[in-house]
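Here is how names work: the chains are called A, B, and so on, in the same order as the sequence lines, proteins then strands, and each is numbered from 1.
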2 protein chains.
Amino acid sequence: MTVDDTANGPSHWVTAADVARRAGVSRSAVSRTFTPGASVSQETREKVMAAAEALGYRVNILARSMIQRQSNLVGIVVSGFASPFLPGILAPLVSELDRRGLAPLLMDARRADNVEESLRDLLSYRVAGAILTSGTPPIELAEEYSRLHVPVVMINRIGDFEGVDTVGSDNRRGGALAAECLLASGARRLAYVNRPTGTHSGRERGAGFCEAMALVGAAGVSFELIEADRPDYEGGVTAARRLLDRPANLRPDGVFCSTDELAFGLMDVARGAFGLTVPGDLAVVGFDDIPMARAGAYAMTTIRQDTTGLAQRAVARLVERMEAPSLPSRADVLPVTLVERRSHLLASAG
Amino acid sequence: MTVDDTANGPSHWVTAADVARRAGVSRSAVSRTFTPGASVSQETREKVMAAAEALGYRVNILARSMIQRQSNLVGIVVSGFASPFLPGILAPLVSELDRRGLAPLLMDARRADNVEESLRDLLSYRVAGAILTSGTPPIELAEEYSRLHVPVVMINRIGDFEGVDTVGSDNRRGGALAAECLLASGARRLAYVNRPTGTHSGRERGAGFCEAMALVGAAGVSFELIEADRPDYEGGVTAARRLLDRPANLRPDGVFCSTDELAFGLMDVARGAFGLTVPGDLAVVGFDDIPMARAGAYAMTTIRQDTTGLAQRAVARLVERMEAPSLPSRADVLPVTLVERRSHLLASAG
DNA sequence: CTGAAAGCGCTTACAG
DNA sequence: CTGAAAGCGCTTACAG
């Protein structure tokens with residue numbers, strides 16, 4: 001690039017001083033006009049607004065943040081973008097932050113170098129807080145944040161960090177609902193397919209499942225737990241092979257998967273490779289209720305998470321802690337609901 | 001909150017002055033140590049690093065940005081999170097920005113109030129640039145950005161804005177590949193199902209499709225174009241009903257959908273409600289190659305976009321323009337590939 | 001290579 | 001309500 005673009009200087013942003021000059025007031029007056037709740041006379045405000053408008057003035061949030069020693073940036077830490085559940089939580093999160101004048105700084109914990117460093121980097125932006133979504137690796141860093149009075153809230157990642165709030169779905173109850181639903185449908189040889197990464201939520205779902213199974217106390221119920229070798233669709237495929245490639249009387253007739261994605265893979269193999277009907281021969285329950293769960297090919301019965309509720313609660317907790325950093329840790333558990341579906345579209349093709 | 005948490009002052013971040021004091025050097029020396037390419041003696045650097053480490057110092061990027069009159073924040077503007085194609089582009093985008101020391105500020109163009117304002121807000125953060133993904137509403141604002149020397153690049157959203165770069169897939173070629181594939185499979189009554197929102201890429205895909213169809217010049221080929229009433233799975237469902245609910249000899253036998261998601265809905269209805277086999281009775285080609293396209297239930301033939309390539313190119317263009325804002329507009333078109341699949345898993349169930 | 005000083009654009013007591 | 005002044009934490013010519 002030999003083009004000398006910066007010859008005429010870098011972009012010249014208009015500053016509060018420019019506006020003050022044009023409006024014939026002090027810089028303080030300009031600042032007050034743009035500070036909610038500051039005292040400016042109607043007259044001054046109007047002069048300032050007119051000048052600002054004419055000049056195309058925008059307050060420099062960075063400068064403001066420096067003065068206030070905190071930005072309105074909030075780190076959203078995700079663990080890759082592969083999970084189809086992510087967009088469902090990201091959307092309300094972004095919207096909720098926006099509503100409160102906060103801006104999301106997106107960070108992938110799975111970046112090349114290590115995670116610790118990533119999270120520490122967020123600190124350089126003087127983020128007003130951080131929201132860690134499910135799958136994010138364990139962090140002792142939460143402690144560092146806490147010490148610096150930078151609020152942290154974790155979604156679906158219950159842990160016991162001092163001064164860190166958690167917001168999650170009632171995974172146990174979800175597991176229980178799945179068990180009850182399968183048993184009610186007549187299934188007696190149950191299985192739970194968990195994701196490979198030993199997540200808190202995955203374990204809870206399994207625990208709730210077992211517990212409810214025992215409580216119902218139906219006669220002749222057997223149970224097995226397996227862990228998929230991958231957290232995605234393919235994981236469901238291989239899990240299905242392990243579960244179904246055996247004499248018919250030993251095959252499970254009711255499977256609960258810790259995510260819808262796993263359940264898709266499992267259903268496809270059950271139908272395609274083993275010729276089973278779902279839910280006829282094999283009842284399947286997923287978890288999350290992602291958009292594809294309603295697709296005709298699956299019409300999947302699943303446990304729905306209240307993504308909007310999770311996001312709103314998470315942001316609310318974050319904001320509360322921004323105002324009172326030393327609040328004791330809080331753990332919110334949001335209800336989940338069973339969504340029963342039954343394939344219509346594929347009825348004739350099944 | 002009656003808790004007076006801020007009694008002991010807000011979080012006390014350690015500053016360059018603190019580090020300087022401990023290291024026995026000037027603040028300039030500290031600054032230079034953390035400025036890539038600045039001249040500091042090895043000895044000074046070590047003293048500074050030791051002090052910084054001990055104190056847990058992190059340079060305040062906000063302050064740095066203010067000095068440099070530009071942040072390393074880059075706005076990523078999306079239009080909702082509903083499209084299953086989004087995560088595929090978001091992942092490499094975030095990773096690529098990170099690699100270059102830039103941080104993504106996520107913004108949803110579909111927020112409550114108007115879009116113009118959203119984009120203007122980004123300016124308050126003195127973003128180093130903005131990346132607009134597909135679906136983002138038209139913006140004359142691009143011009144405002146351009147005037148302020150804030151680079152803008154649009155992904156899959158070719159438009160003719162001065163000083164704005166565009167990066168997109170070869171949609172025309174994708175449409176052509178789809179047509180060739182369908183014709184080669186023996187289809188003669190073709191249809192193209194576009195998304196309702198009149199996006200550039202959707203039109204291009206259709207144009208390429210028609211063009212190739214004409215060029216191949218197979219005998220007795222008919223064609224119809226319909227627009228789904230929604231951009232998602234449900235849109236595919238209703239489009240399928242419109243296309244298939246007619247005497248068999250008038251039904252299309254080859255359909256190209258402008259997204260995989262539409263194609264899923266179409267396939268499910270074709271199989272489930274009309275008892276057709278895919279690709280036997282009806283050949284279907286999608287676009288994007290999102291993860292679910294490989295699911296056994298669909299095993300969908302589709303046109304793959306090079307999401308990583310798009311992201312890398314977009315960030316590269318952005319960075320180039322950060323260095324030379326007045327570069328003429330550039331439009332990159334990245335190749336797409338046909339991915340042919342055929343249901344195996346469902347073979348026995350079909 | 002190094003330090004003192006000026007300045008980035010803003011907000012906020014402090015007097016009036 | 002209003003303005004002058006100090007200061008947020010940093011970088012960057014400018015002299016040495």
Side-chain angles (χ1 to χ4, degrees), chain A residues 6 9-49 51-52 55-73 123-128 148, chain B residues 6 9-49 51-52 55-73 123-128 148:
Chain A
T6 44
S11 37
H12 359 246
W13 298 94
V14 2
T15 74
D18 298 326
V19 176
R21 203 170 304 122
R22 185 183 235 260
V25 300
S26 70
R27 277 153 54 210
S28 320
V30 175
S31 177
R32 288 190 187 103
T33 301
F34 289 99
T35 303
S39 55
V40 227
S41 67
Q42 189 57 31
E43 195 194 337
T44 304
R45 157 164 277 123
E46 277 163 13
K47 281 193 292 188
V48 170
M49 286 311 262
L55 262 29
Y57 172 70
R58 330 234 77 223
V59 357
N60 185 329
I61 296 214
L62 268 29
R64 170 182 288 175
S65 298
M66 232 192 56
I67 294 289
Q68 295 174 165
R69 318 186 66 165
Q70 181 178 85
S71 70
N72 47 3
L73 262 21
L123 256 18
S124 296
Y125 289 90
R126 299 298 186 265
V127 290
L148 291 167
Chain B
T6 43
S11 37
H12 359 247
W13 299 94
V14 1
T15 74
D18 298 327
V19 177
R21 203 172 304 123
R22 185 182 235 261
V25 300
S26 70
R27 278 153 54 210
S28 319
V30 175
S31 176
R32 289 192 186 99
T33 301
F34 289 98
T35 303
S39 54
V40 228
S41 68
Q42 189 57 31
E43 196 195 337
T44 305
R45 156 164 278 123
E46 277 163 14
K47 280 192 293 185
V48 170
M49 287 310 261
L55 262 28
Y57 172 69
R58 332 234 75 224
V59 356
N60 184 330
I61 296 214
L62 268 28
R64 170 183 287 174
S65 298
M66 232 192 56
I67 294 288
Q68 295 174 163
R69 315 185 68 162
Q70 181 177 85
S71 70
N72 46 2
L73 262 21
L123 255 19
S124 295
Y125 289 89
R126 298 298 184 265
V127 290
L148 291 168

Check the distance between [N]'s [atom2] and [X]'s [atom1] and give it to me in whole angstrom.
X: Q70(A); N: dT11(C); atom1: CD; atom2: P; value: 15 Å
X: Q68(B); N: dC8(C); atom1: CD; atom2: P; value: 14 Å
X: M66(B); N: dT12(D); atom1: CE; atom2: C1'; value: 13 Å
X: F34(B); N: dT2(C); atom1: CZ; atom2: P; value: 15 Å
X: N72(B); N: dC10(D); atom1: CG; atom2: P; value: 14 Å
X: I61(A); N: dC10(C); atom1: CD1; atom2: P; value: 11 Å
X: R21(B); N: dC10(D); atom1: CZ; atom2: C1'; value: 15 Å
X: I67(A); N: dC8(C); atom1: CD1; atom2: P; value: 14 Å

Report yes or no: is the cationic atom of R126(A) (NZ for Lys, CZ for Arg) closer than 6.0 Å to the six-membered ring centre of W13(B), at no more than 45° off its axis?
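That pair qualifies as a cation-pi contact.
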Are any of [X]'s side-chain N or O atoms less than 4.0 Å away from OP1 or OP2 of [N]?
X: T15(A); N: dG9(C); value: no
X: R27(A); N: dA4(D); value: no
X: S41(B); N: dC1(C); value: no
X: R64(B); N: dT11(D); value: yes

Who pairs with dA4(C) - Watson-Crick or G-U, where each distance is under 3.5 Å
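Answer to the pairing question: none, since dA4(C) forms no Watson-Crick or G-U pair.
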Let's see if you can work this out: which of [options] has an atom nearest to the side-chain heavy atoms of [X]?
X: Y57(B); options: dT11(C), dC10(D), dG3(D); answer: dC10(D)
X: T44(B); options: dA6(C), dG9(C), dC1(C); answer: dC1(C)
X: S28(A); options: dA5(D), dC10(D), dC1(C); answer: dA5(D)
X: S26(A); options: dC10(C), dT2(D), dG3(D); answer: dG3(D)

[atom1] atoms of [N] and [M], separation to the nearest Å:
N: dG9(D); M: dA13(D); atom1: P; value: 23 Å
N: dT2(C); M: dA6(C); atom1: P; value: 22 Å
N: dC10(C); M: dC14(C); atom1: P; value: 23 Å
N: dC1(D); M: dA5(D); atom1: P; value: 23 Å

Go through the steps to decide whether N72(B) and Y125(A) satisfy the test side chain to side chain contact (heavy atoms under 4.5 Å, CB included), and finish with yes or no.
CA-CA 10 Å; N72(B) 46 2; Y125(A) 289 90; 3.3 Å; yes
Taking for each residue the nucleotide of DNA chain C with the nearest heavy atom, is it R32(A) or S39(B) whose nucleotide lies nearer the 5' end?
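The residue closer to the strand's 5' end, by nearest nucleotide, is S39(B).
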Looking only at side-chain N and O atoms, does S31(B) offer a donor or acceptor that is under 3.5 Å from a partner on S28(B)?
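Side-chain D/A pair, S28(B) to S31(B): absent.
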Is there a side-chain contact between Y57(B) and F34(B), using heavy atoms and a 4.5 Å cut-off?
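Side-chain contact under 4.5 Å: yes.
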Check: T44(A) side chain, V40(A) main-chain N or O, donor-acceptor pair, under 3.5 Å
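Pair absent, no side-chain N/O of T44(A) close to backbone of V40(A).
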To the closest 0.5 Å, what do you measure between CZ (R32(A)) and CZ (R45(A))?
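It comes to 11.5 Å.
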Contact class for V59(A) (heavy atom, under 4.0 Å): base, sugar-phosphate, or nothing?
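Here V59(A) touches the backbone only, sparing every base.
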